[in-house]
Number of protein chains: 2
Amino acid sequence: MNNSRFAISVHILTLLAGANGELLSSEYIAGSININPVLVRKELINLKKHGFVASKEGKNGGVYLNKSAANIRFSDVYNAVKQSSLLGEAKNEPNPLCPIGRQIKTHLNNLYTDAENAMVGQLSTTTLQNFLNQFD
Amino acid sequence: MNNSRFAISVHILTLLAGANGELLSSEYIAGSININPVLVRKELINLKKHGFVASKEGKNGGVYLNKSAANIRFSDVYNAVKQSSLLGEAKNEPNPLCPIGRQIKTHLNNLYTDAENAMVGQLSTTTLQNFLNQFD
DNA sequence: CATTACTGTAATTTTTATTGTTACAGTACA
DNA sequence: TGTACTGTAACAATAAAAATTACAGTAATG
């Protein structure tokens, strides 16, 4: 994860889970996170695509949770948001003439996959509802 | 991890582990990874600081592994290289007036710590020697 | 003892990624 | 028909990463 998209998505979902079905505007959400509303709307596109939230356009519109918080695991959020490899991808193309360079991408990918699976397994143990319950 | 430092460190260590004590120059290493030699040298500073490698200055100098490959676990490498939070830190400061915003950093940090621990646990199951053995 | 081949490191530039901003079309309520 | 939203595109600003240049320091070697 190179950017703060996971944190932003979790923040959005937590706000919505705490709103009890009430619609929240991207302006309001952005105010809580303290980022630009357009960034929130961009992130919402992705959260909608994955079925976590739905929105209502027009006046008095806004966003709401489209799935029960107890049925949203953090592994789901992670998978919805992830884009790049967990441990960072090398941008270079290793030297194919070097016996190590030639094969390292393959072996690194396997290593990364195992590491990521372990992490995702841990994330799957917590739901949005669990998370929300921690707030006073 | 925001950049490819983990991959670069692993690549360096794998080359050295395969070199059987022979000194490798940063130029040679950079050639295998296909990055700038200065980046290699910078990364070597860190690997030296953590005792994985040692170097010899001057003509015919170079770098060598300072620890047996079987005693270097990937979790050690990860810990030596890591700098930022695994899942990405939000740069913003959430709104302290919002009940969610006020507490989310704490709860997110706990979540991140658990996730990272799971991943590091997995990384600790593989040594540099295991990794090297996978190469033809 | 000068030349050569390295490491070590600082300073700077270039490139790429991320985040923020502006602008405006589309939608729905009142 | 005005107002308050979402949805998006285009672009600008900022930050982070990577590459480059430059050179001092060190050790082998003829």
Side-chain angles (χ1 to χ4, degrees), chain A residues 1-9 11-12 15-16 19 22-31 33-50 52-66 81-85 87-94, chain B residues 1-9 11-12 15-16 19 22-49 52-66 81-85 87-94:
Chain A
M1 199 88 37
N2 303 340
N3 47 27
S4 48
R5 285 187 55 210
F6 180 77
I8 290 172
S9 283
H11 197 136
I12 293 172
L15 285 170
L16 293 176
E22 205 185 316
L23 300 199
L24 301 183
S25 73
S26 61
E27 196 82 30
Y28 173 84
I29 295 172
I33 307 181
N34 195 19
I35 57 171
N36 193 286
V38 177
L39 272 189
V40 172
R41 300 209 274 265
K42 279 180 186 163
E43 203 52 44
L44 285 171
I45 292 172
N46 185 53
L47 292 174
K48 282 175 70 171
K49 196 174 79 188
H50 287 86
F52 297 120
V53 307
S55 58
K56 182 164 171 278
E57 289 195 357
K59 194 174 176 183
N60 301 334
V63 207
Y64 56 95
L65 210 57
N66 195 33
V81 154
K82 86 153 174 194
Q83 20 171 27
S84 67
S85 169
L87 289 165
E89 231 129 276
K91 279 99 193 167
N92 56 85
E93 196 50 54
Chain B
M1 199 87 39
N2 302 339
N3 46 27
S4 49
R5 284 187 53 211
F6 180 77
I8 290 172
S9 284
H11 198 136
I12 294 173
L15 285 171
L16 294 176
E22 206 185 314
L23 299 199
L24 300 184
S25 73
S26 60
E27 196 82 31
Y28 174 82
I29 295 171
S32 168
I33 306 180
N34 195 19
I35 58 170
N36 193 285
V38 176
L39 269 191
V40 172
R41 300 209 275 265
K42 278 181 184 159
E43 205 50 45
L44 285 170
I45 292 172
N46 186 52
L47 292 174
K48 281 175 70 171
K49 196 174 82 189
F52 298 120
V53 307
S55 58
K56 181 163 171 279
E57 288 195 357
K59 194 174 177 182
N60 302 334
V63 207
Y64 55 96
L65 210 58
N66 195 33
V81 154
K82 85 153 174 192
Q83 19 170 27
S84 68
S85 169
L87 289 166
E89 231 131 276
K91 278 100 195 168
N92 56 85
E93 196 51 56

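Every value quoted in this text rests on a predicted model; they were computed, and no experiment measured them. The sequence lines fix the lettering, A, B, ..., with proteins before strands; numbering per chain opens at 1.
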Report task. May I have the distance from Lys49(B) (atom NZ) to dT9(C) (atom P), rounded to whole angstrom? Result -> 12 Å
Query raised in the report: To the nearest angstrom, how far is Glu43(B) atom CD from dA18(D) atom C1'?
Result: 12 Å
**Report entry** Presence of Asn36(B) side-chain N/O under 4.0 Å of dA18(D) phosphate oxygens OP1/OP2
**Finding:** no
Requested in this report: Please name the residue in the list Leu39(A), Val63(A), Ile8(A) that meets the side chain to side chain contact (heavy atoms under 4.5 Å, CB included) test with Leu44(A).
Outcome: Val63(A)
Report summary line: So OG of Ser55(A) and CG of Leu47(A): to nearest 0.5 Å the spacing works out to 11.0 Å
Query raised in the report: For the side chain to side chain contact (heavy atoms under 4.5 Å, CB included) test, which of Ile45(B), Asn46(B), Leu24(B), Leu16(B) pairs with Val53(B)?
Result: Leu16(B)
Report task. Hey, could you give me the OH/CG distance between Tyr28(B) and Leu15(B), rounded to the nearest 0.5 Å? Result -> 6.0 Å
Requested in this report: Calculate the interatomic distance between Asn34(B) atom CG and dT20(D) atom P; express it in whole Å.
Outcome: 10 Å
Query raised in the report: Sub-3.5 Å donor-acceptor pair from the side chain of Ser4(B) to the main-chain atoms of Ala7(B), do we have one?
Result: no
**Report entry** Sugar-phosphate or base contact per nucleotide [nucleotides 4-14 of chain D; S, B, -; heavy atom under 4.0 Å]
**Finding:** BBBBBBB----
Requested in this report: Indicate yes or no: at least one non-hydrogen side-chain atom of Glu43(B) is less than 4.5 angstrom from one of Val81(B).
Outcome: yes
